[in-house]
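Throughout, protein chains are lettered first and strands after them, A, B, ... in sequence-line order, and every chain is numbered starting at 1. Computed from a predicted model, the values in this text were never measured in an experiment.
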There are 2 protein chains.
Amino acid sequence: MAEDWTDRHVARWKDHWLDLAFDEAVEGVFVRVNRIDRYLRRAKQRAVAEVGLTDFEYDTLHVLMIRDTPGSASPTELATELGVSGAGMTGRLDGLEKAGWVRRIPAVDDRRRVIVEVTKAGMAIWRQAMDLRGRAEDDLAEALTERELATLNRLLKKVTVRSEEREG
Amino acid sequence: MAEDWTDRHVARWKDHWLDLAFDEAVEGVFVRVNRIDRYLRRAKQRAVAEVGLTDFEYDTLHVLMIRDTPGSASPTELATELGVSGAGMTGRLDGLEKAGWVRRIPAVDDRRRVIVEVTKAGMAIWRQAMDLRGRAEDDLAEALTERELATLNRLLKKVTVRSEEREG
DNA sequence: GGCGAATACTTAGGTAGCGAAGTATCATCG
DNA sequence: CGATGATACTTCGCTACCTAAGTATTCGCC
């Protein structure tokens, strides 16, 4: 197979940084993981822009929708899952609420709490973006056979399992 | 093998969004790619913070060092490779220069141009961070045998090759 | 050779996000 | 019950970054 960006990266590395210990295979795997993620991030950005959402609006709707209780969560839960600060979450929700994609409802049993709920319009636009995004993923996946996809999943899972052990 | 975050994610998906077409294997691969990248991003942040760099300072030094002409580049080249605007680059370089990790040198043949050069201190701190970062990667990679690592590289490369075709 | 377009970088004004402090509510325990 | 601490969210001041406009230099072409 022709070389990819990673091959060139690793070759450059070997040329210039001989003294820095490194394992080509390890470097290759993680650089490629990063390149694929980067490509999909950009594809997502295009998809999301096309339906008229900003990146962070989509991300917020997305974690709201893929939860165990889809379409409903507290600001704190969303912030944690998005890796964003509480303050940042307040800002995002202000925007989403103004745009009409989300509602803030005061919780009845605990008046400190707020429940964030997706609106019909919010769900609709999220689905539109999801659809576009899924197409980009399917397109990439066509580079592999069913069998290869299964193998890839098996090997990647060994890595994610370890990473989750490390995170505790 | 026990389930990972992705397994739970996919299971949830099937429960709640039956009507949205999706391929489990495809979703699994790309979600895992994203989870691994996310884990390594955080590991990098920890490594980088430990030696006393911010995330974006390290990133900038890093692309400066891994180029064909290591330790030397124009602001525009760096901005492109980092996916940052020209204005953003100016800001980053101001900080890096102030901290003494980088120098701005006027180009002799074209007085519009500036050459960014890493200093000794900049190279030293980058290497420190690289070392820590490499350890996190090696640790993850130990989840796989040599053979599995090779297979993983081969399959991932099929995907990156396709993504690079798409990008033109 | 000189004038308009292109290039390389910086400055200016605005936005998303962060950490820390603030406000309101609830839980614990004497 | 009442005081102290914990929790849930918001407000405030600051930073990094973006787009667009500005400045300086070089290129292309008659």
Side-chain angles (χ1 to χ4, degrees), chain A residues 38 41-42 44-46 48-49 52-64 67 69 72-99 101-118 122 129, chain B residues 38 41-42 44-46 48-49 52-64 67 69 72-99 101-118:
Chain A
R38 176 193 170 107
R41 259 194 324 266
R42 295 192 174 174
K44 185 195 77 176
Q45 267 171 25
R46 278 192 299 276
V48 153
L53 287 170
T54 66
D55 217 41
F56 69 85
E57 283 172 336
Y58 171 79
D59 287 343
T60 311
L61 280 177
H62 191 66
V63 300
L64 186 55
R67 329 186 67 245
T69 56
S72 171
S74 76
T76 304
E77 287 166 339
L78 293 176
T80 306
E81 282 161 34
L82 284 160
V84 107
S85 72
M89 203 60 233
T90 298
R92 286 194 180 192
L93 291 176
D94 287 350
L96 286 168
E97 200 168 27
K98 204 165 182 178
W101 291 315
V102 133
R103 242 191 315 271
R104 270 192 263 221
I105 298 170
V108 287
D109 58 323
D110 184 342
R111 285 193 293 175
R112 290 169 303 180
R113 284 205 175 110
V114 166
I115 295 163
V116 179
E117 263 190 18
V118 73
Chain B
R38 176 193 170 108
R41 261 195 322 267
R42 295 192 174 174
K44 187 195 77 178
Q45 267 169 26
R46 278 192 298 276
V48 151
L53 286 170
T54 66
D55 217 39
F56 69 85
E57 284 172 336
Y58 170 80
D59 288 342
T60 311
L61 280 177
H62 191 64
V63 301
L64 186 55
R67 331 188 64 248
T69 55
S72 172
S74 75
T76 304
E77 287 166 337
L78 293 176
T80 305
E81 282 161 35
L82 284 160
V84 109
S85 72
M89 202 60 232
T90 297
R92 287 194 182 192
L93 291 176
D94 287 349
L96 285 169
E97 199 167 28
K98 203 162 181 180
W101 291 315
V102 132
R103 242 191 313 270
R104 271 192 262 222
I105 297 170
V108 287
D109 57 323
D110 184 342
R111 286 192 292 175
R112 290 169 304 181
R113 284 205 174 110
V114 166
I115 295 162
V116 179
E117 263 189 18
V118 73

Euclidean distance, atom [atom1] of residue [X] to atom [atom2] of [N] [Å, nearest integer]:
X         : N       : atom1 : atom2 : value
Arg113(B) : dA8(C)  : CZ    : P     : 5 Å
Asp109(A) : dA27(C) : CG    : C1'   : 14 Å
Leu93(A)  : dT10(D) : CG    : P     : 7 Å
Gln45(B)  : dA16(D) : CD    : C1'   : 14 Å
Glu57(A)  : dG17(C) : CD    : C1'   : 15 Å
Asp94(B)  : dC17(D) : CG    : P     : 12 Å

In terms of side-chain heavy atoms of [X], which of [options] is nearest?
X         : options                   : result
Ala87(B)  : dT11(C), dC9(C), dC9(D)   : dT11(C)
Ser85(B)  : dT19(D), dA6(C), dT11(D)  : dT19(D)
Arg112(B) : dC26(C), dT26(D), dT19(D) : dT26(D)
Arg111(B) : dC26(C), dG19(C), dT25(D) : dT25(D)
Asp110(B) : dA8(D), dT25(D), dA12(C)  : dT25(D)

Short side-chain to backbone donor-acceptor contact, Glu97(A) and Asp94(A), under 3.5 Å: no
Polar side-chain atom of Glu57(A) near backbone of Thr54(A) as donor-acceptor pair, under 3.5 Å: yes
Carboxylate-amine/guanidinium contact Arg67(B) Glu77(B), below 4.0 Å: yes
Approximate separation, where rounding is to 0.5 Å, of Ile115(B) CD1 and Ser72(B) OG: 5.5 Å
Is the shortest side-chain N/O distance from [X] to OP1 or OP2 of [N] below 4.0 Å?
X         : N       : value
Arg104(A) : dA8(D)  : no
Arg92(B)  : dC17(D) : yes
Thr76(B)  : dC9(C)  : yes

Comparing Gly83(A) and Glu77(B) on DNA chain C - which has the more 5′ nearest nucleotide: Glu77(B)
